Student: 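Before we start, here is the structure in question, set down as structure tokens.
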Protein chains: 2
Amino acid sequence: MKKYNIPVEAALEVIGGKWKVVILCHLIKDKRRTGELKRLMPGITQKMLTQQLRELEEDGVILREVYNQVPPRVEYSLTEYGWSLKGILDSLCAWGEQHIEKTYPNKEEVLIQTEELEQV
Amino acid sequence: MKKYNIPVEAALEVIGGKWKVVILCHLIKDKRRTGELKRLMPGITQKMLTQQLRELEEDGVILREVYNQVPPRVEYSLTEYGWSLKGILDSLCAWGEQHIEKTYPNKEEVLIQTEELEQV
DNA sequence: TAATGTAGGCACTAAAAAGTAACAAATGAA
DNA sequence: TTCATTTGTTACTTTTTAGTGCCTACATTA
């Protein structure tokens with residue numbers, strides 16, 4: 001059984017790493033298909049995406065729904081437990097925004113513009 | 001210049017990684033000397049501790065104060081900017097606690113008891 | 001018949017993060 | 001004189017994390 005020195009380490013085990021918070025921030029806005037997530041996160045590879053999604057699913061914060069179609073359709077969404085992270089995710093997003101503004105006064109240089117067609 | 005797809009990535013760059021949130025959670029309670037931090041985080045090595053502290057300092061969230069003594073005395077504390085992370089750190093700690101309770105009903109097995117002499 | 005689209009597996013390689021161990025510096029104490 | 005103390009550095013090695021390329025499945029469409 002995993003041992004922690006302080007409780008916050010348990011939270012980091014669930015949402016730590018390079019991608020999980022980003023994935024969750026997308027899923028907090030809407031449920032998403034695998035391909036949508038990939039487009040929303042241009043830097044991630046299929047392998048990493050699947051891997052991170054599996055771990056989030058195991059930890060009970062996201063739900064994976066498979067529709068029996070061809071070609072396959074898989075949708076990811078937050079579970080009720082996942083929604084308990086909303087406060088953290090929101091403040092992280094807000095802090096990131098103001099940190100960018102503080103660090104790079106002309107913020108348009110820093111944010112990569114992605115045309116999120118699905119979001120229109 | 002670093003580019004982000006979404007602003008939250010900027011936050012992760014500052015507090016991401018295995019140790020930074022833990023360090024900040026300790027500093028939110030009190031200013032700490034290097035050795036105290038090391039004792040509070042039994043898993044960390046001197047190298048990682050220094051490295052993470054340097055990065056946090058560069059990002060402006062902690063302050064490093066050197067007292068001209070022998071043997072040396074160095075104290076770390078949150079800067080005002082660092083305090084803007086308090087909300088995030090608090091909710092992360094709280095979420096971690098309840099996650100442990102949910103996952104391991106007898107939580108005493110999971111938390112390593114450290115006698116934090118400095119805290120008495 | 002052959003290409004398309006979607007989600008994902010697997011083996012292998014590359015890169016990043018973290019750990020190890022030895023060393024430094026300066027003063028007071030044994 | 002030699003050791004302990006405290007913080008930190010550096011070179012090197014190991015471990016972890018991430019990336020690449022290739023493969024599958026199968027109904028639909030061209």
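The analysis underlying the following values was restricted to heavy atoms, covering all of them including side chains, and did not include hydrogens, waters or symmetry mates. Note that the structure is a prediction, hence the values are computed from the model and not measured.
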Student: What integer distance in Å separates Gln51(B):CD from dG8(D):C1'?
Tutor: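 That distance rounds to 13 Å.
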Student: CD of Glu55(A) versus C1' of dA18(D): gap in Å, rounded?
Tutor: 12 Å
Student: Would you kindly give the CD-to-C1' distance between Glu36(A) and dG5(C), to the nearest whole Å?
Tutor: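 Between C1' of dG5(C) and CD of Glu36(A): 15 Å.
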Student: Where do Val21(B) and Leu89(B) land on the side chain to side chain contact (heavy atoms under 4.5 Å, CB included) test, with the steps shown first?
Tutor: CA-CA 7 Å; Val21(B) 165; Leu89(B) 297 172; 4.1 Å; yes
Student: Side chain of Arg64(B), heavy atoms from C-beta onward: which of dT7(D), dG19(C), dA27(D) has the nearest atom to it?
Tutor: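 Side chain of Arg64(B) sits closest to dT7(D).
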Student: Calculate the interatomic distance between Glu75(A) atom CD and dA7(C) atom C1'; express it in whole Å.
Tutor: 13 Å
Student: Report yes if a side-chain nitrogen or oxygen of Thr45(A) is closer than 4.0 Å to either non-bridging phosphate oxygen (OP1 or OP2) of dT20(D); otherwise report no.
Tutor: no
Student: If the cut-off is 4.0 Å, is Arg73(B) near the phosphate of dT5(D), judged by side-chain N/O to OP1 or OP2?
Tutor: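 For dT5(D), neither OP1 nor OP2 has a side-chain N or O of Arg73(B) closer than 4.0 Å.
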Student: Quick check for you: to the nearest 0.5 Å, what is the distance between Met41(A) atom CE and Asn5(B) atom CG?
Tutor: 9.5 Å
Student: Choosing from dA18(D), dG5(C), dA18(C), which nucleotide comes nearest the side chain of Gln52(B)?
Tutor: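 Out of dA18(D), dG5(C), dA18(C), the nucleotide with an atom closest to Gln52(B)'s side chain is dA18(C).
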Student: Rounded to the Å, how far apart are Leu12(A) CG and dT17(D) P?
Tutor: 13 Å
Student: Could you give the CG-to-C1' distance, from Leu49(A) to dG9(C), as a whole number of Å?
Tutor: 14 Å
Student: Heavy atoms only: give me the nearest His99(A)-Thr103(A) pair and the separation to one decimal.
Tutor: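 Closest approach of His99(A) to Thr103(A): O-OG1, 2.6 Å.
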Student: Between Thr50(B) and Pro71(A), name the one whose nearest nucleotide on DNA chain D is closer to the 5' end.
Tutor: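 Nearest nucleotide further toward 5': that of Thr50(B).
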Student: Rounding to an integer number of Å, can you tell me how far Met41(B) CE sits from dG19(C) C1'?
Tutor: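 Going from CE in Met41(B) over to C1' in dG19(C) covers 16 Å.
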Student: Taking only N and O in the side chain of Arg54(A), is any of them less than 4.0 Å away from OP1 or OP2 of dA7(C)?
Tutor: no
Student: Need one value for Lys47(B): base, sugar-phosphate or nothing, where a base atom within 4.0 Å counts as base even if backbone is also close, heavy atoms only.
Tutor: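 Base contact.
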Student: Is it true that atom CD of Gln69(A) has more than 12 heavy atoms of other residues, nucleotides or ligands lying nearer than 6.0 Å?
Tutor: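 Atom CD in Gln69(A) is crowded, with more than 12 foreign heavy atoms closer than 6.0 Å.
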Student: What is the nucleic acid contact for Tyr76(A), judged by heavy atoms within less than 4.0 Å: base, sugar-phosphate only, or nothing?
Tutor: sugar-phosphate
Student: For the side chain of Met48(B), counting heavy atoms from C-beta on, which of dT6(C), dG19(D), dA18(C) is nearest?
Tutor: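 Nucleotide nearest to Met48(B)'s side chain: dA18(C).
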Student: Out of dT6(C), dG19(D), dG8(D), which has the shortest distance to the side chain of Gln46(B)?
Tutor: dG8(D)
Student: Check the phosphate of dT7(D) against Arg33(B), side-chain N and O only, distance under 4.0 Å to OP1 or OP2. Yes or no?
Tutor: yes
Student: Using atom CZ of Arg32(A) as one end and atom P of dA7(C) as the other, report the distance to the nearest whole Å.
Tutor: 13 Å
Student: Can you check whether Arg32(A) reaches Leu27(A) side chain to side chain, under 4.5 Å on heavy atoms?
Tutor: yes
